[in-house]
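Right, one structure below, let's go through it.
Chain identifiers are assigned alphabetically (A, B, ...) following the order of the sequence lines, protein sequences preceding nucleic acid strands; residue numbering begins at 1 within each chain. Below, each value reflects all heavy atoms present in this structure, side chains not excepted, and no hydrogens, waters or symmetry copies.
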Amino acid sequence: MLDVQLFRNDLDFVIAGLKKRNFAFNPENYSELEARRKAVQTKTQELQSERNSSSKAIGQAKAKGEDVQPLLDKVANLGDELKAAETELSEIQAELDVLMSGIPNLLDVSVPEGKDEDDNVEISRWGDLPKFDFEVKDHVDLGTARNLLDFELGAKITGSRFVVLNGQLARLQRALIQFMLDTHSSENGYQETYVPYLVNADSLRGTGQLPKFAADLFKASENPDYYLIPTAEVPVTNIVRDVIVDAKDLPLKFVCHSPCFRSEAGAYGRDVRGMIRQHQFEKVEIVQIVKPEDSVQAHEDLTAHAEMILQKLNLPYRKMLLCAGDTGFSSSKTYDLEVWLPGQNAYREISSCSNFRDFQARRLQARWRNPETGKPELVHTLNGSGLAAGRTLIAVMENYQDADGRIHIPEVLLPYMGGLKVIE
RNA sequence: GGAGAGUUGGCUGAGUGGUCGAAAGCGCACGCCUGGAAAGUGUGUGUACGGCAACGUACCGAGGGUUCGAAUCCCUCACUCUCCGCCA
């Protein structure tokens, strides 16, 4: 949610900002609605004021034992008039709310123009691409050959885009998750948390998935309306919903592993082979809640924390700055980390690190008390994958394969694999 | 799942259908006192919207209703606590 004050004070700035995103915003429609809101709100408040003073007068007259009937007659019609005004006002406000909550965040000035992922800008590369003197297999062939990955079983148990991991491969995924949690909590200063995987609609509104992206979610129940989380970002960021954080407690840094559930609506035909794009996958998420002045640096730090995992695993990757057209709805600036997948001969997204500035905080009413002003002010929120465990598993499989189709265990994971060095 | 009790400001906690944005205490801020501190003492201390401001309006878990007037009465829902049942 953007600041309504910004709309009122500098509409041209908002229009220009949204244009960069290619977001269709109709300023006339907005201004007309806003003008009506103002008129009806003023009228409503005048009527309320009249009611309050009249009621007070009645109370005082009664206390003195005077006849209140003339006063009662005077306010006879006020009730209906007020009710009508209040109803109209709440309708206009609901309409404005729908409009406002459908508007994406404004982009940081450093975000490049562009329309889709082809216009993203490469910032840096890390690691040497592995050289193989045999024909490289992708994770599907590697996994199915030894019955470590079973897509048919996943389809039988549930449906398409579900998979079963067996034996040491399942363990390897668990090892990756443990390794990531340990690294972020003991080296990068994040507090480990465990959160609900089902969330309510308020939480999803807070982080921006609702109302606009309901189709991407799995709804788990009606009444109560619970949804499976698409990312741990949702429950973790909602820790600070409706909270005023003490300045001394900032920054808050959380790390959380969770399964993620995505309907992948609109992704038909994309990445159908393998476990790149599943309805259910494991991810370790890092989240920061910071003072506004710190969020730019925090974004760089948080991205570096995600990169650290790739470096420790010795997986080659590149860091991309997403262009205007590819940056997510709630984000003002996003770096994607793309890991090298030899089986695809391509870099593929494995982490997305975003600075939301106050966009989520406004929806969440997540604030801190600024000692300089003494007032509660919005915090800035950030998050990133640190990393997507399912895709990291793929990357390890493909980068650490040998001529026999065996998978070697990365050095840093050995303690988590009970001494196992190779999956064969 | 059954029965009961609750939900009030940063916290604890009073509250009558009218003058309650709400007593009191704690905490916090600023001052006095002090060599300094503690204690004591004085003043102040919610958020949002509109307005240059004075000020107005809304908010006592949420949403409805009754009423000229609702924190207070009625209804629905959510959550918390206690007891019973069931269960990892």
State plainly whether the residues [X] and [Y] are in salt-bridge range, i.e. N to O under 4.0 Å.
| X | Y | answer |
| --- | --- | --- |
| D80(A) | K83(A) | no |
| R273(A) | D141(A) | yes |
| R37(A) | E34(A) | yes |
| K115(A) | D119(A) | no |
| K283(A) | E285(A) | yes |

Pick the [atom1] atom in [N] and in [M], then give their distance to the nearest Å.
| N | M | atom1 | value |
| --- | --- | --- | --- |
| G4(B) | C87(B) | P | 24 Å |
| G56(B) | G21(B) | P | 11 Å |
| A23(B) | G13(B) | C1' | 10 Å |
| G10(B) | A29(B) | C1' | 13 Å |
| U72(B) | C59(B) | C1' | 16 Å |
| C84(B) | C77(B) | P | 26 Å |
| C81(B) | G63(B) | C1' | 24 Å |
| A62(B) | G6(B) | C1' | 16 Å |

E282(A) and H257(A) side chains, donor-acceptor separation under 3.5 Å: yes
Side-chain donor-acceptor contact under 3.5 Å, E398(A) with Q344(A): no
Side-chain heavy atoms of L165(A) within contact of L148(A), under 4.5 Å: no
How close or far is atom [atom2] of [N] from atom [atom1] of [X], stated in whole angstroms?
| X | N | atom1 | atom2 | answer |
| --- | --- | --- | --- | --- |
| D225(A) | C77(B) | CG | C1' | 13 Å |
| R241(A) | G61(B) | CZ | P | 18 Å |
| D242(A) | G10(B) | CG | C1' | 15 Å |
| Q69(A) | C68(B) | CD | P | 10 Å |
| N9(A) | G51(B) | CG | C1' | 14 Å |
| K248(A) | G27(B) | NZ | C1' | 12 Å |
| L47(A) | G56(B) | CG | P | 17 Å |
| D3(A) | C49(B) | CG | P | 8 Å |

Under a 3.5 Å cut-off for both distances, is [N] Watson-Crick or wobble paired, and to whom?
| N | value |
| --- | --- |
| U66(B) | none |
| C32(B) | G40(B) |
| A22(B) | none |
| G27(B) | U45(B) |
| G17(B) | none |
| A3(B) | U82(B) |
| C52(B) | none |

Pairwise 5' ranking along RNA chain B for V75(A) and K56(A), keeping only the more 5' one: K56(A)
K38(A) or G79(A), whichever maps to the more 5' nucleotide of RNA chain B: K38(A)
Out of [options], whichever nucleotide has its closest atom nearest the side chain of [X]:
| X | options | value |
| --- | --- | --- |
| K83(A) | G18(B), U66(B), C79(B) | U66(B) |
| Q41(A) | U19(B), C49(B), C79(B) | C49(B) |
| K375(A) | U47(B), U66(B), G18(B) | U47(B) |
| R367(A) | G51(B), C49(B), A48(B) | A48(B) |

Touch class at under 4.0 angstrom, heavy-atom based, for Q5(A) against every strand present: sugar-phosphate
Sugar-phosphate, base or nothing in reach of P376(A), heavy atoms under 4.0 Å: sugar-phosphate
Would you tabulate the nitrogen or oxygen pairs shorter than 3.5 Å linking the protein to nucleotides 57-60 of chain B?
from: U57(B); atom 1: OP1; to: N52(A); atom 2: ND2; distance (Å): 3.3
from: U57(B); atom 1: O3'; to: Q48(A); atom 2: OE1; distance (Å): 3.3
from: U57(B); atom 1: O2'; to: Q48(A); atom 2: OE1; distance (Å): 2.7
from: A58(B); atom 1: OP1; to: R51(A); atom 2: NH2; distance (Å): 2.9
from: A58(B); atom 1: OP2; to: N52(A); atom 2: ND2; distance (Å): 3.4

T392(A), I177(A), V396(A), L420(A) screened by side-chain contact (heavy atoms from CB on, under 4.5 Å) with L172(A), the one that passes: V396(A)
Within 6.0 Å of CG in N370(A), more than 12 heavy atoms from elsewhere: yes
